[in-house]
J.: 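There's a structure below that I have some questions on.
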Amino acid sequence: MAEIVTLAEAVSEFVRDGQTVALEGFTHLIPHAAGHEVIRQGRRDLTLVRMTPDVIYDQMIGMGCARKLIFSWGGNPGVGSLHRFRDAVEHDWPAPLEIEEHSHAGMAAAYVAGASNLPFGTLRAYGGSDLAPHTRVASITCPFTGEELAAVPAIRPDVGIVHAQQADEQGNVQLWGIIGVQKEVLLASHRSIVTVEEIVPELELRPGGVIIPGWAIGAVSVAAGGAHPSYAHSYYERDNAFYVAWDEISRDRDTFTEWMQRHVLDVGATA
Amino acid sequence: MAEIVTLAEAVSEFVRDGQTVALEGFTHLIPHAAGHEVIRQGRRDLTLVRMTPDVIYDQMIGMGCARKLIFSWGGNPGVGSLHRFRDAVEHDWPAPLEIEEHSHAGMAAAYVAGASNLPFGTLRAYGGSDLAPHTRVASITCPFTGEELAAVPAIRPDVGIVHAQQADEQGNVQLWGIIGVQKEVLLASHRSIVTVEEIVPELELRPGGVIIPGWAIGAVSVAAGGAHPSYAHSYYERDNAFYVAWDEISRDRDTFTEWMQRHVLDVGATA
Amino acid sequence: MSSNGHRPYTSDEMMVVAAARRIVNGTVCFVGIGLPSTAANLALRTHAPECVLIYESGTIGTKPSRLPLSIGDGELAETARAVVSVPEIFGYWLQGGRIDVGFLGAAQIDRFGNLNSTVIGDYDHPKVRLPGGGGAPEIAGQAKEVYVLARQTPRSFVEQLDFRTSVGQGDGPGSRERLGFPGAGVTVVITDLGVLEPDPETRELTLTQIFPGVDSAAAVAATGWPLQVARDLVAVDQPTADELAALRALETAK
Amino acid sequence: MSSNGHRPYTSDEMMVVAAARRIVNGTVCFVGIGLPSTAANLALRTHAPECVLIYESGTIGTKPSRLPLSIGDGELAETARAVVSVPEIFGYWLQGGRIDVGFLGAAQIDRFGNLNSTVIGDYDHPKVRLPGGGGAPEIAGQAKEVYVLARQTPRSFVEQLDFRTSVGQGDGPGSRERLGFPGAGVTVVITDLGVLEPDPETRELTLTQIFPGVDSAAAVAATGWPLQVARDLVAVDQPTADELAALRALETAK
């Protein structure tokens with residue numbers, strides 16, 4: 001059964017330097033609060049996994065948490081580039097960033113394989129693309145038809161972290177709206193942390209709701225507003241203005257560093 | 001967009017002798033009305049696919065619709081044997097029945113592969129079992145770890161048939177309760193028929209509800225009570241007494257034939 | 001034990017109670033219909049209120065108020081913590097390695113706890129065609145442990161299976177490891193006479209516990225292979241009044 | 001055409017209108033954010049009310065009242081016919097072969113409609129690191145057709161891609177067949193100057209339609225390879241008053 005602890009406790013108990021850590025949430029329920037806590041606790045040399053590294057990974061990369069990034073699309077959605085991500089890849093600042101790049105379909109198949117305890121996922125992909133020689137993909141032959149398909153290695157993070165709307169006292173979790181790959185990353189990871197908007201006495205299944213039983217989760221922590229500037233369906237909307245503002249904040253190394261100091265490092269986990 | 005027609009029209013338009021036809025519904029929403037219509041229209045030489053052939057397949061096999069059965073568990077749930085299925089396998093009555101037998105996990109993976117337009121599904125299965133030499137399974141090696149896993153050929157029925165609770169006028173379908181493999185069989189099949197309890201003006205997403213867009217479905221037909229003696233969650237309960245009674249009805253060839261004549265052949269599709 | 005030392009109960013009741021007693025609170029159980037479902041639900045209602053019942057129909061954490069006749073009864077979905085698709089229950093949950101104990105029955109079982117639920121006689125020309133494996137082969141392969149419930153007779157506890165549907169201890173020591181199965185396989189067989197467990201060395205099922213009013217000779221006579229009997233054979237307590245009351249309430253609930 | 005023959009509009013508006021006009025009612029569209037999303041939503045609001053908009057975030061049949069800034073805006077989920085997981089949208093729906101038209105943009109496009117959205121310069125030592133492929137490579141491979149929207153400049157319409165992220169017509173005739181791609185690949189590129197389509201023989205993108213006030217020389221000058229111009233070059237009608245009104249209502253909706 002999931003232990004219900006503070007986010008600071010969950011991160012310090014589960015997240016270690018050098019681990020493979022996936023913070024997921026596909027354009028919704030992005031676990032910003034948890035990412036900020038990882039930054040505050042000064043984790044280093046992480047292999048960060050995420051289909052769509054956006055602002056939260058730009059911050060973690062810019063603050064030097066990451067040694068490697070496994071991803072399929074890295075940008076500021078609807079705005080443009082991730083300047084800290086680009087600075088790391090283009091100029092090794094603050095540290096060199098090794099990348100393992102996939103397509104969305106490849107990452108999704110790799111998470112499904114991980115959740116299913118299979119060593120690889122199979123899909124029709126990568127053919128004719130220049131990505132194949134730069135990433136971990138192999139060819140696999142159908143034993144019945146002889147067709148050649150692509151195989152991607154399963155993703156099995158040491159720690160998977162997602163944000164959801166609700167949990168109950170037993171740590172059972174419900175999320176709804178765009179559900180992304182949250183279930184897959186939780187089940188693919190060896191240990192998992194779920195931050196939630198609130199803990200409710202009784203989880204009532206919503207239309208479109210996905211429930212993850214508490215016994216399949218490591219720790220649950222309350223982080224109201226923990227997805228901001230992303231959004232939590234039925235709780236608050238996406239802060240589109242912040243995504244636009246981030247373009248300016250993140251463009252310059254000093255502006256970025258000052259902003260992170262003031263808005264993340266100097267702020268407690270409960271804020 | 002799905003055409004909304006009578007069940008008799010849907011079956012006569014889509015189902016042809018010699019085709020591979022899957023009627024699914026895992027212990028819930030079993031499409032009995034559709035199976036009866038296939039029997040009434042006298043379809044022959046079908047390859048019938050179903051994870052859990054139970055009473056409806058016992059009836060279709062006993063009435064001579066099937067040449068082959070692809071399945072993973074064939075019994076009368078909670079009661080015992082399927083006497084018509086056994087008579088066909090053990091004594092070739094009314095016709096010899098070729099069988100391709102899998103485990104539930106194998107069938108599920110084969111449907112997922114079919115729905116995903118992949119030629120095979122991968123799973124950890126069949127090892128050490130006597131089933132492997134009697135069925136279609138192959139060994140496949142992980143290109144990353146060298147592990148040996150099982151591969152099953154994708155199931156791509158000519159026609160997939162399921163029963164659901166509701167559709168709207170555009171043929172969008174919603175089912176809820178135990179959802180089984182209904183979505184997978186609909187998406188794995190070249191053409192599909194969905195029978196529903198009722199057509200509603202507006203589909204309202206339920207907790208646990210699964211919606212299949214009408215444009216991904218071939219035909220939708222109203223068949224109120226169409227799952228009986230199985231059940232339709234929120235509409236009617238499982239007729240457990242009938243499953244018990246079927247053991248007696250189906251034990252004897254003549255009793256069975258008379259029962260089918262009176263309750264299926266002499267009855268119209270609308271009943 | 002109850003105050004009343006002598007109490008009538010059936011051998012099936014003793015079997016179900018003995019199975020339920022083995023379920024530790026919090027255990028994640030993958031259960032089929034029949035005696036296994038009864039045993040798991042009895043545990044849930046007595047000493048193991050937090051054990052998690054999963055049925056292959058996709059219902060997770062179900063707490064049925066009455067015993068289901070089929071693994072897909074609406075009651076299971078209505079009382080479940082979550083309902084998932086059949087591909088997901090086998091892929092993410094069973095194969096995913098999240099099941100502590102899988103419960104199985106069978107028409108035939110051999111000395112290594114391998115199970116036959118497919119056919120009696122030759123596969124292509126069967127004497128009796130049984131329902132088949134269903135979820136059993138993967139439950140046997142991937143649950144961390146497997147408990148088997150079966151009435152003990154020479155016809156069902158056989159020297160040689162007609163067909164191996166599900167692997168218990170395979171061909172003995174090292175067999176499961178060679179097959180790459182993560183789980184421990186069949187770790188206990190609970191019958192209407194007593195309890196059999198694999199010998200630590202030989203992996204062969206050995207009579208380790210005996211039910212009240214049964215002697216080991218009866219168990220040996222009911223077994224199609226020369227059944228080994230543990231030197232320290234344990235006498236099992238008869239069902240307590242509370243266990244019987246809970247079990248009978250469960251079975252009469254409509 | 002509207003009563004008013006002369007009407008000011010931007011080249012982006014012309015591009016979006018031209019793209020929307022190609023969407024036949026009932027088409028199942030897999031759309032990304034930006035101009036493609038605008039074009040698909042314009043079609044939905046004008047001549048193609050039954051076209052189905054699918055976003056890679058898992059929203060199927062969405063009818064947003066305002067244009068989303070990200071492909072995962074809550075508006076998309078709220079107005080969707082169905083919301084599915086990301087693995088399902090790519091596995092069952094895109095790879096499943098259910099997408100009629102996929103819309104893509106890119107930083108670079110070559111004469112065969114191959115696309116680069118990964119990197120400018122060398123992959124390991126990039127001059128500009130772009131976001132990457134995301135859903136594009138599989139959309140390009142598996143949608144029945146792909147429409148590309150891109151502003152036409154010599155920097156983006158290049159002789160040689162720095163990196164091939166997504167395959168259009170590959171290396172020309174037979175290329176997609178050899179790669180085993182089911183879809184037809186890029187069948188049209190709509191720019192701010194006109195419309196390019198693959199030549200039936202050479203598969204090379206050829207200027208087939210030109211927008212009002214643009215001449216083919218301008219399109220050739222804006223292309224990094226020697227752009228072929230169709231002999232029967234079609235002059236595209238300017239946006240109608242209704243099209244412009246619908247487009248501007250869409251863009252100003254909050």
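In the text below, chain A, chain B and the rest are named by the order of the sequence lines, each starting its count at 1.
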J.: Is the shortest side-chain heavy-atom distance between A:I212 and C:R81 below 4.5 Å?
T.: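 They are not in side-chain contact.
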
J.: Assess the residue pair A:W215 and C:D100 against the criterion (side-chain contact (heavy atoms from CB on, under 4.5 Å)); give the C-alpha distance rounded to whole Å, side-chain angles, the decisive distance to 0.1 Å, and a yes or no.
T.: CA-CA 12 Å; A:W215 57 267; C:D100 297 320; over 6 Å; no

J.: Take atom CD of A:Q41 as the centre, draw a 6.0 Å sphere, and report whether it contains more than 12 heavy atoms from other residues, nucleotides or ligands.
T.: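 Correct, the count exceeds 12.
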
J.: Measure A:V210 against the heavy atoms of chain C and call it side chain, backbone, both or neither at under 4.5 Å.
T.: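 Contact with chain C involves no heavy atom of A:V210 at all.
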
J.: Let's go through A:N117 and C:R98 carefully: what are the C-alpha distance in whole Å and the side-chain angles of both, what is the deciding distance for side-chain contact (heavy atoms from CB on, under 4.5 Å) to 0.1 Å, and is it a yes or a no?
T.: CA-CA 10 Å; A:N117 187 31; C:R98 282 169 254 277; over 6 Å; no

J.: Can you tell which part of A:A115 gets under 4.5 Å to a heavy atom of chain C, answering side chain, backbone, both or neither?
T.: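 Contact with chain C is through both the backbone and side chain of A:A115.
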
J.: Quick one: which of C:G61, C:A82, C:G91, C:G26 has the most heavy-atom pairs under 4.5 Å with chain A, could you say?
T.: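 Sorted descending by pairs with chain A, the first entry is C:G91.
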
J.: Examine whether an atom of A:I211 lies under 4.5 Å from a heavy atom of chain C, and if so say whether it belongs to the side chain, the backbone or both; otherwise answer neither.
T.: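 A:I211 touches chain C through backbone and side-chain heavy atoms alike.
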
J.: For the CD atom on A:E204, are there more than 12 heavy atoms of other groups (residues, nucleotides or ligands in this structure) within a distance under 6.0 Å?
T.: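 Check fails, neighbour count at 12 or below.
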
J.: Hey, could you give me the NZ/OH distance between A:K183 and C:Y92, rounded to the nearest 0.5 Å?
T.: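 So the gap between those two atoms works out to 7.5 Å.
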
J.: With a 4.5 angstrom heavy-atom cut-off, could you sort out which part of C:Q142 is near chain A: side chain, backbone, both or neither?
T.: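 Interface part for C:Q142: neither.
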
J.: So, do C:V52 and A:P213 sit near enough that their side-chain heavy atoms are less than 4.5 Å apart?
T.: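 The answer is no; the side chains never approach within 4.5 Å.
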
J.: Check the pair C:E50 / A:Q170 against side-chain contact (heavy atoms from CB on, under 4.5 Å), numbers first and verdict last.
T.: CA-CA 10 Å; C:E50 271 104 39; A:Q170 291 73 47; over 6 Å; no

